[in-house]
*Asks:* 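Here it is, the structure in full.
In listed order, ligands and their atoms are each counted from 1. Below, each value reflects all heavy atoms present in this structure, side chains not excepted, and no hydrogens, waters or symmetry copies.
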Amino acid sequence: MNSRPPMHAFDRGAKRLSKRILRYALKRVRMDPPLDHAVPAEELRRRVGHTVTLEGIGAARAMSVWENVLAPACISIDHPRYFSYVPAAPTEAAGLFDVAASAANIFGGSWQEGAGAIFAENEALRWIADLAGMAPDAGGVFVSGGTAGNLSALVAARWKWRHESSASMSSTRGVIIASRAAHSSINQAAQVMDVDVVWAQDDDRGRLSGEAVRAAWQSLSAEQQRRTFCVVATGGTTNVGIVDDLEGVGQFSAAHGLWFHVDAAYGGAALAAPSVRELFNGIERADSLIVDPHKWLFAPFDSCALLYRDPRVARAAHTQHAEYLDALRHDDDWNPSDYAHHLTRRARGLPLWFSLAVHGTVAYSESVERSLTVTREGADDIRMSSHLELVLEPELSVLVFRRRGWTTEQYYAWSDKVLTDGLAFVVPTSWRGETVLRMCLVNPATTRDDLRLVFDSLK
Ligand SMILES: *Cc1c(COP(=O)(O)O)cnc(C)c1O
């Protein structure tokens, strides 16, 4: 019979609860969610009272508090008119498989413990590596996000530089070269690592060229050049969706023995889209590459695919050593813990793997192309309108445009209003010092009509 301790018992109450949770999960992945918005903490407190108590509030009440009060106080990122930051739109297969993977609670750090899950994750990583044209021995790991991926890649890059330099370099402060348009997490990684960043100038569209990297390099002293170990390029800038000159930057890096890191956290999904694949030429030169499946590859949070041309370098840089870990050291085992700044990890690549396995890669290409098409249609509509003006021609799926005659205050007031009205979530950004509007499209459910609703509300 049931010998489990009370909190782990599978009695009638627990069965009712599990049905309710699964019903909720199914309903949530299938619903057309209202947009929703944040609610002040005092109001939430007033509505839910205290939830963590000595005796517990019970399953029915906890679920009802979640469903009726707390969940609606979170913006629905899968809403087709969520256009801020980088949205997300997990497939049903990916979202529900995340539930299944959580139920199994697999330790995804070592082959000894999670072989089957790691095999599946590596299949998904291989798909991305193939899209990028990386060699068969490339490999890596899924980490929590682009921020963690960039940091881990740069740590590996520095390890290689120090390892290959003279011993005196082991305490020398390193230098990386990155574009002014690089994601904030690059600067953040540099601060964590205590390395210097030399900012290369992006062009008038925000694109970094090989020439600009050369100019930055030539501005350095011989001593600074000796300390430089990595060049970072972006495969789809977050603010405006521009792909750097990966061929030029990659060639420059190779010629100077510098590690070439490509941050394609947002844009990397477009490697699967034939209409824009050409923009990424040169990405196959990357020593490391990141792509966030939780952005444009229809996986739930949180997931970043981190790939290395030579995973042995990452392994040397990241493997943790401790007496109790010695049992894990079978040399041939693929231990995901060894390839990034982490030890315990959930097998967070499983939702992407499952959805890829279910739907096939063609469906992925088509879904990414759909957002690109709707973006181009939106750009056409902006061009044809009299009240709006494109700031940049979109390369990927980011629309950047201005409302003629508006002040910064007007942009922000409009943004607040359309969110509280439940119409759309669009926050302003700035481009060359001017406040403008930015809409990022990754949800295949988003249509031209969704964009028109937003454009009309700007009249
Ligand atoms: C989103 C993004 C990041 C950061 O990724 P997180 O998953 O939010 O940590 C890094 N680089 C680029 C280009 C991005 O778009």
*Asks:* If the cut-off is 4.0 Å to any non-hydrogen atom of D263, which atoms of ligand 1 fall inside it?
*Replies:*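 Within the 4.0 Å cut-off of D263, ligand 1 contributes 10 (C), 11 (N), 12 (C), 13 (C).
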
*Asks:* Going by side chain to side chain donor-acceptor pair (under 3.5 Å), name the residues that satisfy it together with D450, two or more places apart in sequence or in a different chain.
*Replies:*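 Here the qualifying residues are R81, T447.
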
*Asks:* Hey, are K160 and D310 close enough for a salt bridge, meaning a charged N less than 4.0 Å from a carboxylate O?
*Replies:*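 No, no charged N to carboxylate O under 4.0 Å.
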
*Asks:* Is ligand 1 less than 4.0 angstrom away from at least one heavy atom of S185?
*Replies:*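 It does; at least one heavy atom falls under 4.0 Å.
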
*Asks:* Taking the basic N atoms (NZ, or NE/NH1/NH2) and the acidic carboxylate oxygens, is any pair closer than 4.0 Å for E67 and R28?
*Replies:*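 So E67 does not pair with R28 through a salt bridge.
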
*Asks:* So which protein heavy atom does atom 4 (C) of ligand 1 come closest to, and at what separation?
*Replies:*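 I find the closest protein heavy atom is H183 CE1, 3.4 Å.
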
*Asks:* Assess whether a salt bridge exists between D202 and R432, defined as any Lys/Arg side-chain N lying under 4.0 Å from an Asp/Glu carboxylate O.
*Replies:*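 Yes.
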
*Asks:* What residue and heavy atom of the protein are closest to atom 14 (C) of ligand 1, and at what distance?
*Replies:*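 Protein heavy atom with the smallest distance to atom 14 (C) of ligand 1: K295 NZ, 2.9 Å.
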
*Asks:* Near R180 CZ, under 6.0 Å, is it more than 12 heavy atoms from other residues, nucleotides or ligands?
*Replies:*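 Yes, because the 6.0 Å sphere around CZ of R180 holds more than 12 heavy atoms from other groups.
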
*Asks:* Could you list the residues that satisfy ring-ring contact (aromatic ring centres under 6.0 Å, His included) with H341, not counting sequence neighbours?
*Replies:*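 Per chain and number, H341 pairs via ring-ring contact (aromatic ring centres under 6.0 Å, His included) with no residue.
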
*Asks:* Can you tell me if V86 has a non-hydrogen atom under 4.0 Å from ligand 1?
*Replies:*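 Flag not set, V86 not near ligand 1.
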
*Asks:* Between E211 and R214, does at least one N-O distance fall below 4.0 Å, as a salt bridge requires?
*Replies:*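 Between R214 and E211 there is a salt bridge, with a charged N closer than 4.0 Å to a carboxylate O.
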
*Asks:* H294 heavy atoms, cut-off 4.0 Å: which ligand 1 atoms fall inside?
*Replies:*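 Once the distances to H294 are compared, the set is 7 (O).
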
*Asks:* For ligand 1, which part of D292 has a heavy atom less than 4.0 Å away: the side chain, the backbone, both, or neither?
*Replies:*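 Answer for D292: side chain.
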
*Asks:* Only heavy atoms of Y266, strictly under 4.0 Å: list the atoms of ligand 1 that pass.
*Replies:*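 Numbered from 1, ligand 1 contributes 15 (O).
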
*Asks:* Distance under 4.0 Å to a non-hydrogen atom of T238: what atoms of ligand 1 satisfy this?
*Replies:*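 Checking each atom against T238, I get 12 (C), 13 (C), 14 (C), 15 (O).
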
*Asks:* Write out the residue and atom name of the closest protein heavy atom to atom 6 (P) of ligand 1, then the distance separating them to 0.1 Å.
*Replies:*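 Protein heavy atom at minimum distance: G146 N, 3.2 Å.
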
*Asks:* Polar contacts were defined as any N/O atom of the residue lying under 3.5 Å from an N/O atom of the ligand; does this apply to T147 and ligand 1?
*Replies:*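 The answer is yes, given that T147 and ligand 1 share an N or O pair closer than 3.5 Å.
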
*Asks:* May I ask you to decide whether R346 forms a salt bridge with D98, counting only side-chain N to carboxylate O separations under 4.0 Å?
*Replies:*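 Looking at D98 together with R346, the answer is yes, because their closest N to O distance falls below 4.0 Å.
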
*Asks:* Does an N or O anywhere in I290 fall below 3.5 Å from an N or O of ligand 1?
*Replies:*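 The answer is no, given that I290 and ligand 1 share no N or O pair closer than 3.5 Å.
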
